[in-house]
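Structure, as structure tokens:
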Amino acid sequence: MCGIVGYIGPKDAYPILIKGLQRLEYRGYDSAGVALLADGSLNVYKKKGKVSDLEGEAAGKDVTGHLGIGHTRWATHGPPSDKNSHPHISNNGEIALIHNGIIENYSALKEALKDRGFVFHSDTDTEVLVNLIQDVKDQENTNLEDAVRIALNQVIGAYAICVFEVDNPSVIVTAKMGSPLVIGVGEGEYFVASDATPFLEYTKDAVYLEDGEMATINLNSGLSLRTIVDNKTIDPYIQQLQLDLASIEKGGYEHFMLKEIYEQPKAIYDTFRGRLLPDQHMIKMGGLFEYKDRFLNANRIIIVGCGTSWHAGLVGEYLFEDLARIPVEVEYASEFRYRNPVITDKDVVIAISQSGETADTLAAIKLAKQQGAMIFGICNVVGSSIARETHAGAYTHAGPEIGVASTKAFTAQVTVLALLSIEIAKMKGTLTESRYQQLLEELHGIPNKIEYMLQSDSKVKAISEKYKDAQNCLYLGRGFNFPVALEGALKLKEISYIHAEGYPAAEMKHGPIALIDENMPVFVIAPKNGQYDKIVSNIQEVKARNGKIIAIVSEGDKEIAEMADFTLEIPDSSEAFSPLLTTIPLQLLSYHIAVMRGCNVDQPRNLAKSVTVE
Ligand code: AGP
């Protein structure tokens with residue numbers, strides 16, 4: 001929900017912080033700020049708005065210093081404003097802190113601090129924490145790291161924090177509970193951030209803190225880790241990151257979202273590489289084989305996720321039930337975690353999350369794990385909190401997804417679900433050998449089909465022009481493409497701010513058809529393989545009420561072409577794999593409409609890439 005970044009070392013901190021914040025802006029962009037320490041002087045610049053607004057605020061001022069912290073915010077406690085922006089400074093002006101997360105008991109802590117004479121200048125929970133640290137430090141007459149640890153033991157909630165004090169220019173203290181945090185270990189320099197993108201060009205040596213851990217970074221004595229609760233020393237595990245700088249830059253595209261739409265052939269190929277082996281007539285997935293008995297003996301599979309990941313889960317439901325004949329439930333993680341679900345050790349829970357940090361999904365699997373279920377993760381970020389919480393999993397190898405609107409992660413998630421369902425179906429004997437081989441070969445050919453479809457982008461753009469001023473849109477699909485209708489609607493509304501709804505096409509007669517008139521564009525997903533005659537009837541029902549039809553059809557389809565106002569063609573495929581194809585034109589359509597409407601495609605209003613709070 002917010003991005004944090006810190007630096008301590010021989011370089012000037014400010015440019016590192018600013019570039020780091022720009023890379024973390026996808027995590028929240030309501031306000032931004034930095035705190036810099038230079039020769040005993042603490043300089044703080046913070047501003048409502050984007051990182052570019054912060055740069056304007058700091059222009060011409062003293063931005064020197066080799067120690068600094070920076071923050072880009074997605075507002076939780078207190079509206080976006082200059083005063084609520086981070087960093088926050090303790091009453092005595094000695095301690096600077098940035099925070100990603102939520103402190104649930106901040107009100108009680110704030111009242112107690114007020115009783116001891118503290119005053120507050122913002123509405124935030126974070127300002128309470130920095131003053132609590134000061135209070136503990138004064139009361140216990142201890143050093144910063146101990147004060148941080150003691151204070152955090154009074155805190156209930158989620159946090160990833162960075163703290164430093166004016167009198168100690170060689171030290172940064174950082175701590176993690178429920179929000180992501182990684183330390184970059186350089187040559188005589190250290191970086192702290194919400195993810196590794198701010199320090200990739202400086203070092204690939206990284207230490208991911210676990211929940212309940214804190215680190216003291218001391219330029220003189222190095223990095224030391226300990227547990228927050230019982231102050232136990234931990235040996236830091238330094239891992240080599242596989243990310244590269246090119247993967248987090250735009251690469252010549254106008255927006256990250258467009259780049260990531262075009263990366264989908266590679267993202268899908270990288271996701272099945274080494275796993276999908278048609279020539280050897282097999283699929284190899286370590287995480288699956290280690291727990292295959294749990295899948296084979298499962299009473300049901302519960303798929304939990306949020307947003308686009310939840311839509312991928314819905315495709316997974318059709319895949320598993322159609323191919324492997326295993327009952328599947330797909331749950332919004334936020335509902336699942338609170339509805340007192342019945343879970344047993346005969347359940348397999350699949351958690352789907354691009355970021356691997358979504359708070360509701362993480363909480364849902366912790367609940368399921370406690371009640372005996374086997375947890376299988378499908379995440380796009382190695383070492384993420386959800387990935388670390390699962391018993392097993394299969395990473396999507398889509399590469400960093402920076403655009404807030406998820407695109408390549410969706411198709412990569414569906415690819416993993418296809419691999420899983422096909423292999424489990426084979427193990428269960430619900431797939432003949434020939435059908436198994438045919439699916440392997442067809443899935444292997446999907447990247448080329450998407451590559452081919454991307455060549456029709458200009459046609460999609462022309463159609464987008466016709467509908468960029470629509471007020472409302474309807475998306476209809478059946479079978480495997482009902483989830484794609486939901487996903488298409490989400491893409492449009494979250495980046496163009498046009499209201500859109502996805503529906504099972506047959507459901508339209510039970511209410512939404514009342515909405516149909518000449519001002520209502522209806523996007524219908526109608527490939528040949530998948531209740532084709534039924535969806536043709538649905539199209540005719542819309543036409544009879546003057547609705548505008550934009551149909552996603554199989555190549556060469558003439559029947560629907562005569563009914564629809566516009567058609568966009570996809571190559572032929574099994575219904576099971578059609579979501580990997582039908583979603584492409586809908587992603588492009590949303591992208592072009594949003595650009596034509598002048599929306600901020602990569603950082604839509606009110607949104608953040610990773611929802612690490614409830
Ligand atoms: C997708 O376009 C959205 N940005 C959002 O719904 C996202 O899919 C959701 O927040 C889940 O995120 P996750 O996959 O990182 O868990």
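Order of appearance sets the numbers: ligands from 1, and atoms from 1 within every ligand. The basis for the numbers below is simple: all heavy atoms, side chains too, and nothing from hydrogens, waters or symmetry mates. In what follows, residues are counted from 1 in the order of the sequence shown.
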Atoms of ligand 1, numbered as shown, that sit under 4.0 Å from any heavy atom of [X]:
X: Ala405; result: 2 (O)
X: Lys491; result: 1 (C), 2 (O)
X: Ser406; result: 1 (C), 2 (O)
X: Ser353; result: 13 (P), 14 (O), 15 (O), 16 (O)
X: Ser309; result: 8 (O), 13 (P), 14 (O)

**Complete:** Going by the 4.0 angstrom heavy-atom rule, the piece of Glu494 near ligand 1 is side chain
**Request:** Please find out if less than 6.0 Å separates the ring center of His311 from that of Phe410.
**Result:** no
**Request:** For residues Tyr503 and Phe482, establish whether the separation of their ring centroids is below 6.0 Å.
**Result:** no
**For the student: nearest non-hydrogen atoms of Arg294 and Met374, plus distance** = NH2-N, 3.3 Å
**Item:** Passing option when Lys408 is tested against Gln587, Glu260, Glu263 for side chain to side chain donor-acceptor pair (under 3.5 Å)
**Value:** Glu263
Nearest protein heavy atom to [atom], by residue and atom, and its distance?
atom: atom 1 (C) of ligand 1; answer: Thr308 OG1, 3.0 Å
atom: atom 6 (O) of ligand 1; answer: Gly307 CA, 3.2 Å
atom: atom 12 (O) of ligand 1; answer: Thr358 OG1, 3.5 Å
atom: atom 15 (O) of ligand 1; answer: Ser355 OG, 2.7 Å
atom: atom 9 (C) of ligand 1; answer: Cys306 O, 3.7 Å
atom: atom 10 (O) of ligand 1; answer: Val611 CG2, 4.0 Å

**Request:** Report yes or no: does a heavy atom of Glu357 sit under 4.0 Å from some atom of ligand 1?
**Result:** no
**Message:** Please verify the inter-ring angle class for Tyr395 with His397; under 30° counts as parallel, over 60° as perpendicular, anything in between as tilted.
**Reply:** tilted
**Asked** Can you find an N/O atom of Val404 closer than 3.5 Å to an N/O atom of ligand 1?
**Response** yes
**Asked** Looking only at N/O atoms, are Thr361 and ligand 1 under 3.5 Å apart anywhere?
**Response** no
**Request:** Please step through side-chain hydrogen bond (donor to acceptor under 3.5 Å, both in side chains) for the pair Gln603 and Lys50, ending with a clear verdict.
**Result:** CA-CA 10 Å; Gln603 297 170 359; Lys50 318 280 298 267; 2.8 Å; yes
**Request:** Evaluate the side-chain contact (heavy atoms from CB on, under 4.5 Å) criterion for residues Thr308 and Lys491: first the C-alpha distance (whole Å), next the side-chain angles of each, then the deciding distance (0.1 Å), finally the verdict.
**Result:** CA-CA 9 Å; Thr308 289; Lys491 286 286 100 45; 3.0 Å; yes
**Asked** Does Tyr452 OH have over 12 foreign heavy atoms under 6.0 Å away?
**Response** no
**Request:** Would you mind listing every salt bridge (charged side-chain N to carboxylate O under 4.0 Å, His left out) that reaches into residues 582-608, with sequence neighbours excluded?
**Result:** none
Identify every side-chain donor-acceptor pair in residues 362-372 under 3.5 Å, counting partners at least two apart or on other chains, and give the distances.
{"unit_1": "Lys369", "atom_1": "NZ", "unit_2": "Glu389", "atom_2": "O", "d": "2.7"}
{"unit_1": "Lys369", "atom_1": "NZ", "unit_2": "Glu389", "atom_2": "OE2", "d": "3.4"}

